[in-house]
Structure formats: structure tokens, C-alpha cells
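Following: one structure in C-alpha cells, then a few remarks.
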Amino acid sequence: PALLFVKTGTGNEGGRRFYACSACRDRKECNFFQWEDEKVSQTRLAAREEYNRKHQPSFTHRQNVERYKNFVQLPLSKRRFCQECQQLLLPAEWEKHSDHQFLCGISTAQLKSPSQLLYPLENKKTTAQYLFADRSCQFLLNLLIDLGFRRVLCVGTPRLHELIQSKASQEDFRVRSLLLDIDFRYSQFYTEDEFCHYNMFNHYFFDGEAAHETCRKFLYEDNGERVIMITDPPFGGLVEALASSFKKLMAMWKETGKEDHNNKEMPMFWIFPYFFESRILDFFPSFNMMDYQVDYDNHSLYKHGKTGRRQSPVRIFTNVTPSMIVLPVEEGYRFCTICQRYVSSDNQHCEICNSCTSKDGRQWKHCVLCKKCVKPSWFHCSSCNCCALQTHSCEKTDAGCFVCGKAGHKRSTCPSLSRT
Ligand code: SAH
Ligand code: ZN
Ligand code: ZN
Ligand code: ZN
Ligand code: ZN
């Protein structure tokens, strides 16, 4: 299934609707395109089906689960992983991969950390796989344990899922998790109860009703085991599409709970950059943005500030009460008693705004003319009548903004995209 988009024309021309791939934001990766009202010929349909058949993964999830069982029976010396095909190999298959690079002696520990074994699919316009740094992953897990959650629906968070799964054998560890992700390579390491092949841009379960049911069962809270959903989607993705899928997952949770869940929302952490704050709040007004900076392993820009590198712009958006989200004091967070939440140590409480206003962790300053706090590098520009970088150009653009349609600014500075 694709996603329905609209091409907005310039001027008064009405938009024309078309279907395109939701998972790829690059026509080079997937060129599927179809006008909404287009009649598709039998030949084209057949060609499409043929193409789809040819592009199926070489094994089904079921087959991969069986293969895994066989793989773990092998002595260490016979456990190979093909780096080119990103696949665990059984001895009978070695021949076929003989001119591929492979790893030998795959240990149980390696099988338990697939996110280390597989290379990250970094393509920003498709999977945009950026893995949590250990510190952030541990922080998230400890936080949700402290909050009393016992089940974690991991939507696009394979590394958190992996951390939970790897501890599941410990006796006193009661947290369980289910991974929903589009990266099918993970089906080699997890059973159908631990991983569902899922597209979070259109809420599509590739394994159909069976996978739906797995998810539904997981969300059902037996003996008071509380569920939380944690998601870390590609930042280039459409917030609207993601929000619509997340609402469907929330609805699934609600349906499992009967009266119990009336007027309640499934607890959720949506991990996303701070400049999407107003977009996320548009769809989830009950959410708050936390100051915690989420760090990544394979993203040079998104690493922790205290080590001298740039600070990560990635935050946690959540419907859990802010005062319950305890941030580590040793990493530079403090509790603001007025705001009733943990904030970055440089985030000063502004008396006029009556809140800790910084979004990026630096100390912001209040502008009396704008009646709000702004970035420390901004100055009030009297011709634009707002604060901006001193180097900004005052020219107004004629064409309407791509995001909100209003004149006077471009998409990059659209106020509906960012309160900052
Ligand atoms: N920080 C997380 C990974 C986030 S990267 C962690 O360390 O666990 C984004 C994740 O979303 C990747 O795992 C990627 O495979 C997944 N993803 C990307 N596009 C997706 C889609 N359309 N549907 C479901 N998952 C997707
Ligand atoms: Zn191979
Ligand atoms: Zn405050
Ligand atoms: Zn202020
Ligand atoms: Zn100003």
C-alpha cells in the first residue's frame, strides 16, 4: 500500500491527488506513482505484480525463524554471516556466497545484538537508521522501568528492543518488548512474537491479520502489566502520516482495555528533533517535550554536547506527566520547581514567559517586542518585526509558504513548523 499525496499547484490551480511510496521519500529508491483517478491497465498491473514478486525477501519470516533454530545448533566454527547479503548462512549455502565477504564464528552474544552485526541502513530518504548510543538506550530503559512499565512496543527502535531482549533471560527482569520495523533483516533474529515487519508511515503490517493479532495481544495488559510505546522515526518523514499511524496503534491499545481505558491514552515516547515541537503538538496536544538530549552512535551531529561535540537536537515527546520524567543530574539536568519538570542546566526559567524556555539547551533571552524568549544568537529586526539572526535577509517572499500557504515567509521559517 502506498500513501495518498496531493500536488499543490502555484496560484489557484487545485491540487491533484496521487499515490506514491510512503516508506521512501526518494523517487530513485522507489518510483511508484499513480494518479488517484488513473485507470491502470491489466498489463501494467501484471507488470507491477511481477516486479513485487521479484523483490520479495529470499525467505519468509517463518523460514527465517526455522533457519535461526538450525543456525544456533551449529558449532561456532560453522556459524557464518554474509556481510554482502546481510544474512546468516547455513553450511549448505556457503557455496552460493563464496565470493562474498563474510564473518565467521558468530557468537551467541552477537546473535543477541543484531544491531551491531547488521550495518545501519543510513539512507536519510528511506530507513534513516540511526542507532542510540549506549548511554541513551540505557537511560530510556531505566526510565521506563522506573515509571513502572512492563511492556514496550518498540516502533522503529531496534536497539532498545535488543537491549530488552538481551536482559529477558535474567531472572529478575520482567520487561517484554515487541519490535515493529520496516527493516526485514531483523526477522532473522526474532520470532513472530518479537518482531513484526511494519510500515509506520501507513500503519501497514506486511504479515497481515496474524501480525495485527500479535500486536493486539501484546498491547493487552494482563495482570496490570502496563504498556508504553517508544518510537524514533526517520526525521525526514511526514509528521502527519506518522501521527495517523500512531493514533491507530493507540486505538488498538484502547480497544483491548474496555472501560478501563476510557479517557486514557496509551503512554508514548516519540523521539524527534525539537524543531518539530509544534507539528507534534498539533497532532498530540497532550504531549510535552522533554529537555533530554538523545544521542546516537552513527550520527556525528547528534552526539552529546558535554564531550565537546555538537549537542543533539533530538528530544522525547511524551504524554507521561513531565514531573515523572527524571533526567540525570550528572549529565547536566536540574529540576525546575515552577515548571515541575527537569530541564537542561543552562535552560533558565524566564520570569516573563513563566517557563524554562530554551529548546536547544543553551540559555535563551527574552525579547520584549516579540513577547517571548529567543535563541541567544538572535536580534530583534525592526523591519521584519521579529527576532532573527543578524545575518538574515529582510526580503519578504511573494510565493506562499509551502507548509501553511501564507505569504511572507518560506517553508524553512514557517511558524507552524516551529515555535522557535
Ligand atoms: N534510535 C533507534 C533507531 C531509529 S532509526 C534505535 O537505536 O533503536 C529509525 C528506525 O525506523 C530504523 O530502525 C528503521 O529501520 C525504522 N524505519 C524507517 N522507516 C520505517 C518505516 N517506514 N516503517 C517502520 N520502520 C521504519
Ligand atoms: Zn552473500
Ligand atoms: Zn522553569
Ligand atoms: Zn521569556
Ligand atoms: Zn524580537
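First listed ligand is number 1; within each ligand, the first listed atom is number 1. Bear in mind the structure is a predicted one, so any value in this text is a computation, not a measurement.
- Between Glu225 and Arg150 there is no salt bridge, since no side-chain nitrogen of the basic residue lies less than 4.0 Å from a carboxylate oxygen of the acidic one.
- Closer than 4.0 angstrom to ligand 1 by heavy atom are Ala23, Thr126, Thr127, Ala128, Gln129, Tyr130, Leu131, Phe132, Gly156, Thr157, Pro158, Arg159, Leu160, Asp181, Ile182, Asp183, Tyr198, Asn199, Met200, Phe201, Asp232, Pro234, Tyr296, sorted by chain and number.
- Between Asp291 and Arg341 a salt bridge is recorded (basic side-chain N to carboxylate O distance below 4.0 Å).
- Contact check on Arg135 versus Asp295 returns a salt bridge, with a Lys/Arg side-chain nitrogen under 4.0 Å from an Asp/Glu carboxylate oxygen.
- Under the 3.5 Å distance criterion, with hydrogens and angles disregarded, a donor-acceptor pair is assigned to the side chains of Glu265 and Ser286.
- For the pair SG of Cys353 and SG of Cys373, the angle whose vertex sits at the Zn ion (ligand 4) is 120° to 10 degrees.
- Here the N, O or S atom of His366 that is nearest to the Zn ion (ligand 4) is ND1.
- The Zn ion (ligand 4) does not have Cys367 among its coordinating residues (no N/O/S atom, backbone or side chain, under 2.8 Å).
- Of the charged side-chain nitrogens involved, none lies within less than 4.0 Å of a carboxylate oxygen, so that Lys112 and Glu162 do not count as a salt-bridged pair.
- In this structure, Lys247 forms no cation-pi arrangement with Phe283, as its terminal cationic atom is not both closer than 6.0 Å to the ring centre and no more than 45° off the ring axis.
- For the pair Lys124 and Tyr130, the NZ or CZ position fails the cation-pi test of under 6.0 Å to the six-membered ring centre and within 45 degrees of the ring normal.
- Between Phe81 and Phe102, the distance separating the two ring centers is not shorter than 6.0 angstrom.
- Salt-bridge check for Glu93 with Lys96: failed, with every basic side-chain N at 4.0 Å or more from each acidic carboxylate O.
- Under the side chain to side chain contact (heavy atoms under 4.5 Å, CB included) rule, Tyr274 has a single partner from Met290, Met289, Gln293, which is Met289.
- Side-chain atoms of Gln340 come within 3.5 Å of backbone N or O of Thr337 as a donor-acceptor pair.
- Of all protein N/O/S atoms, those under 2.8 Å from the Zn ion (ligand 3) are Cys336 SG, Cys339 SG, His349 ND1, Cys356 SG, and waters are not counted.
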